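Right, one structure below, let's go through it.
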Amino acid sequence: MASASVNVDNVKVTQGLGDLPKIDLTSVHGSEAEIYLFGGCVTSWKVASKDLLFVRPDAVFDGKKPISGGLPHCFPQFGPGAIQQHGFARNVNWSLVNSENVEGSPVITLELKDSPYSRSMWDYSFLALYKVTLHRNTLSTELRITNTDEKPFSFTTALHTYFRASVTGAVVTGLKGCKTLNKDPDPKNPVEGKEERDIVTFPGFVDCVYLDAPEELQLDNGLGDKITVKNTNWSDAVLWNPHLSMEACYKDFVCVENAKIGQVELEPNQSWTATQLLSLA
Ligand SMILES: O=P(O)(O)OC[C@H]1O[C@@H](O)[C@H](O)[C@@H](O)[C@@H]1O
């Protein structure tokens with residue numbers, strides 16, 4: 001829950017949908033963001049009042065099911081795998097442990113530690129710190145996972161980013177030459193391939209992992225916005241659009257996800273850190 005007291009005027013703890021605690025960030029440069037402690041999920045990133053993220057209309061805010069939209073965490077498993085699809089980090093409460101105002105830009109840090117619930121499916125002690133910074137036209141996140149256990153552990157993870165888009169006009173560039181694991185038609189038996197296209201579009205159902213993706217991708221959301229998705233250490237990417245399996249909303253978003261598909265192995269006291277920087281051109 002919202003544990004640390006907030007002393008900066010551009011970070012406010014408010015009541016979100018379903019009365020869930022929500023952090024509102026406002027930058028002196030005019031941009032805004034909203035983050036739910038439930039799932040540590042950024043649900044809104046607005047530049048010039050335009051929201052570049054998307055929350056599905058079927059998203060629930062009951063503090064039980066993950067929030068389907070924005071930037072949900074997949075940890076400690078991207079999935080499919082031994083535990084629930086996308087892990088537990090997106091359906092537990094994170095805590096606010098720090099907030100700062102850095103020259104008019106709000107910076108917050110959320111924390112997640114193991115609990116009896118997490119240990120019931122993944123029996124390790126860990127610390128996850130998630131720093132979110134809002135600048136004029138960028139939203140940056142830094143995720144740091146530390147092994148606080150006495151035994152090694154391994155995990156996979158992703159930031160399952162939902163971008164608002166017009167699916168017929170949305171294009172992603174930067175993926176040509178990557179090795180692909182196409183999860184269509186069977187997510188449990190992905191088909192290996194290689195991306196040959198300069199420009200990747202979403203003409204139908206898309207569910208594809210890109211291994212060793214570049215540190216910078218470009219998304220044209222088909223609504224007139226060009227967004228750069230930069231990362232350090234995420235290493236892989238995923239494109240997803242459910243097409244007719246989500247008839248009510250598939251036309252309005254695409255997921256461009258930074259992911260770590262191969263296992264990250266951490267010895268006790270070791271940490272892994274990855275950053276994502278979303279910038280509106
Ligand atoms: O759990 P959500 O938000 O509905 O997303 C599910 C999808 O998430 C994508 O990241 C996966 O590649 C898909 O296989 C999966 O179906």
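This is a predicted model, so every value here is computed, not measured. Read the numbers this way: they start at 1 and go in the same order the structure lists the ligands and their atoms. For the numbers below, each heavy atom of this structure counts, side chains included, while hydrogens, waters and symmetry mates do not.
Protein heavy atom at the shortest distance from atom 15 (C) of ligand 1 is Gln85 NE2, 3.6 Å. Of the protein's non-hydrogen atoms, Asp207 OD2, 3.2 Å is the one closest to atom 13 (C) of ligand 1. The single protein non-hydrogen atom nearest to atom 4 (O) of ligand 1 is Arg56 NH1, 2.9 Å, given as residue, atom name and distance. Scanning the protein heavy atoms around atom 5 (O) of ligand 1, the nearest turns out to be His160 NE2, 3.0 Å. Considering only non-hydrogen protein atoms, atom 2 (P) of ligand 1 sits nearest to Tyr162 OH, 3.6 Å. In this structure, the protein non-hydrogen atom closest to atom 16 (O) of ligand 1 is Trp240 NE1, 3.8 Å.
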Candidate pair Phe202 and Val172, rule side chain to side chain contact (heavy atoms under 4.5 Å, CB included), full reasoning: CA-CA 9 Å; Phe202 297 83; Val172 176; 4.0 Å; yes

Side chain to side chain donor-acceptor pair (under 3.5 Å) assessment of Ser279 paired with Thr138: CA-CA 4 Å; Ser279 313; Thr138 64; 5.4 Å; no

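One finds no salt bridge joining Asp24 and Lys12 here, because no Lys/Arg side-chain nitrogen approaches an Asp/Glu carboxylate oxygen to under 4.0 Å. With respect to the salt-bridge test (charged N to carboxylate O, under 4.0 angstrom), the residues Asp149 and Lys151 qualify.
Taking a 6.0 Å sphere around NZ of Lys50, one finds it holds more than 12 heavy atoms contributed by other residues, nucleotides or ligands. Within 6.0 Å of CG on Asp186 lie more than 12 heavy atoms contributed by other residues, nucleotides or ligands. Atom NZ of Lys188 has 12 or fewer neighbouring heavy atoms from other residues, nucleotides or ligands inside a 6.0 Å radius.
With ligand atoms numbered from 1 in the order given, ligand 1 contributes 1 (O), 5 (O), 6 (C), 7 (C), 8 (O), 9 (C), 10 (O) to contacts under 4.0 Å with heavy atoms of His86. Below 4.0 Å from some heavy atom of Val238 lie the following atoms of ligand 1, by number and element: 12 (O). Remark: ligand 1 atoms within the under-4.0 Å shell around heavy atoms of Phe78 are 10 (O), 12 (O). Each of the atoms 9 (C), 10 (O) of ligand 1 lies under 4.0 Å from some heavy atom of Glu257. Counting the atoms of ligand 1 from 1 in the order shown, those under 4.0 Å from a heavy atom of Lys183 are 11 (C), 12 (O), 14 (O).
With Asp220 contributing its side chain and Gly169 its backbone, the two residues share no donor-acceptor pair below 3.5 Å.
Contacts of Gln84 with ligand 1, taken as heavy-atom pairs under 4.0 Å, are absent altogether. Contacts of Val209 with ligand 1, taken as heavy-atom pairs under 4.0 Å, are absent altogether. When heavy-atom distances to ligand 1 are checked against a 4.0 Å cut-off, Arg90 comes that close only through its side chain, counted from C-beta outward.
Under the 6.0 Å cut-off for aromatic ring centres, Phe75 and Phe126 qualify, their centroids lying closer than that.
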